[in-house]
Amino acid sequence: LQNMDSYETIQIEKQESVGILTINRPDKLNALNSKVHSEGIAALKKLRDDEGVRVLVITGAGEKSFIAGADISEFAGQTPVTQRAVFQNPSLFNSIDEFPKPVIAMINGFCLGGGCEIALACDLRIVSENAKIGQPEINLGIIPGGGGTQRLTRLIGEGKSMEMILTGDMIDAGTAHDLGLVNHVYSAEALREETMKIANKIATKSPIALQMAKEAVKTASKANLDEGLRREIDLFAICFSSEDKEEGVSAFLEKRKPEFKGR
């Protein structure tokens, strides 16, 4: 494990080819303030360019919380113009959504408001049994502004998304799993180990194929079927220009494990 760079509100570590980005404000339940946004965006840029990182895990420090939401103290006195600037591009939410490598949210405890929106911007969500997930913005007289109304609806459908956003109620890990909001639920003790197993499994695949697969799947919620199918064929074809594809096919025919280089 080595720590990369010094940030105030986040920590970056690498475990083999998996990067781990931890929101590190446990005394504030890892609430998102402007510093987390700016440091997170900067860290994602570096991780994007680091060829040694094939998969990224995002999590929160401490036992209680993934991210309890926005730092509400920063909302007081904000004007529409200043708040819009914080959430405009590049936002932390969109930087995660557009990150070219697979991103896994490892969620313990509270995952609320902006924290839920960070999780929704990730590709997979893996939670501990004590997770509490929700979009409680309505209780402050506002609505989700980091993609919650859009990404949650695309993930779990309009009816359930509408209920979560209009009531502001939290749901537990089991309910979130039933809704398809999260991929797996583990005990708090096993969460990290099980998440790293999935991350390491994905990290053995071709980085080129992973990037193309992620882009193709994400196109499904942004384009109509004809556009999506055309994009899929283009991305599928691009894979055929890679050494990894030759290696994958050879390894299959030779009945051995492939060694993908990301070229």
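Under the 4.5 angstrom side-chain criterion for Ile, Leu, Val, Met, Phe, Trp and Tyr, the cluster partners of Phe75 are Ile72, Leu140, Ile142.
Salt bridge annotation for Glu215-Arg231: present, with a cationic side-chain nitrogen under 4.0 angstrom from a carboxylate oxygen. Salt bridge Arg230/Glu227: absent, no basic N to carboxylate O contact under 4.0 Å.
Under the 4.5 Å side-chain heavy-atom criterion for ILVMFWY residues, a single connected hydrophobic cluster contains both Val55 and Tyr186. Cluster annotation: Leu120 and Val185 are assigned to the same hydrophobic cluster (Ile/Leu/Val/Met/Phe/Trp/Tyr, side-chain heavy-atom contacts under 4.5 Å, transitive). By the criterion of side-chain heavy atoms lying less than 4.5 angstrom apart, applied directly or through intervening Ile, Leu, Val, Met, Phe, Trp or Tyr residues, Phe260 is not grouped with Met212; the two fall into different hydrophobic clusters. Under the 4.5 Å side-chain heavy-atom criterion for ILVMFWY residues, a single connected hydrophobic cluster contains both Ile107 and Leu92.
Of the possible donor and acceptor atoms, none in the side chain of Lys132 sits under 3.5 Å from a partner among the backbone N and O of Ser65. No donor-acceptor pair under 3.5 Å is formed between the side chain of Asp172 and the backbone N or O of Ala131. Side chain of Glu117 to main chain of Gly146: a donor-acceptor pair is present (N/O by atom type, distance under 3.5 Å, no hydrogens or angles). Within the 3.5 Å criterion, the main-chain N or O of Glu8 finds a donor-acceptor partner in the side chain of Glu39. Listed for the Arg125 side chain is no donor-acceptor partner under 3.5 Å among the backbone atoms of Ile104. Side-chain atoms of Asn200 come within 3.5 Å of backbone N or O of Met196 as a donor-acceptor pair. A donor-acceptor pair under 3.5 Å is formed between the side chain of Lys101 and the backbone N or O of Arg48. A side-chain donor-acceptor contact under 3.5 Å links Glu74 to the backbone of Ser34. The main-chain N or O of Ala68 is never found under 3.5 Å from a side-chain atom of Asn30 such that the two would form a donor-acceptor pair. Checking side-chain atoms of Asp244 against main-chain N and O of Gly262 turns up a donor-acceptor pair under 3.5 Å.
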### Task
Test side chain to side chain contact (heavy atoms under 4.5 Å, CB included) on Asp97 and Lys218 and set out the steps.
CA-CA 9 Å; Asp97 193 0; Lys218 286 211 172 260; 2.5 Å; yes

### Query
After noting the C-alpha distance and the side-chain angles of Gln78 and Thr82, does the key distance pass the side chain to side chain donor-acceptor pair (under 3.5 Å) rule?
CA-CA 6 Å; Gln78 286 277 25; Thr82 58; 2.3 Å; yes

### Query
Between Ile12 and Ile20, does a side chain to side chain contact (heavy atoms under 4.5 Å, CB included) hold up when you go through it step by step?
CA-CA 6 Å; Ile12 306 285; Ile20 303 166; over 6 Å; no

### Message
Does Ile198 form a side chain to side chain contact (heavy atoms under 4.5 Å, CB included) with Asn183? I'd like the steps, not just the answer.
### Response
CA-CA 11 Å; Ile198 295 169; Asn183 297 78; over 6 Å; no

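For Ser95, there are no side-chain hydrogen bond (donor to acceptor under 3.5 Å, both in side chains) partners, not counting sequence neighbours.
Enclosure of atom CD in Gln83 by more than 12 non-hydrogen atoms of other residues, nucleotides or ligands within 6.0 angstrom is indicated. Within a 6.0 Å radius of NZ in Lys245, more than 12 heavy atoms belonging to other residues, nucleotides or ligands are found. Heavy atoms of other residues, nucleotides or ligands lying less than 6.0 angstrom from CZ of Phe110 number 12 at most.
For the residue pair Asp178 and Thr175, no side-chain donor N or O sits within less than 3.5 Å of a side-chain acceptor on the partner. Looking only at atom types and distance, the side chain of Glu129 has no donor-acceptor partner in the side chain of Ser187 under 3.5 Å away. Residues Asn24 and Thr22 have side chains that never bring a donor and an acceptor to within less than 3.5 angstrom of each other.
Distance check, rounded to the nearest 0.5 Å: CG of Leu179 to CD of Glu163 gives 9.0 Å. Within the model, atoms CD of Glu13 and CG of Leu21 stand 9.5 Å from one another, a figure rounded to the nearest 0.5 Å. If you take CD1 on Ile156 and OG on Ser161, they are separated by 5.5 Å, rounding to the nearest 0.5 Å. Between atom CG of residue Leu235 and atom CD1 of residue Ile208 there is a gap of 12.5 Å, rounded to the nearest 0.5 Å. A distance of 9.0 Å separates CD1 in Ile126 from CD in Glu194, rounded to the nearest 0.5 Å. Rounding to the nearest 0.5 Å gives a distance of 11.0 Å between OG1 of Thr219 and CG of Asn224.
At least one side-chain heavy atom of Asp71 sits under 4.5 Å from a side-chain heavy atom of Arg25.
Ring geometry for Phe236 against Phe240 counts as perpendicular: the plane angle is over 60°, on a 0 to 90° scale with 30° as the lower cut.
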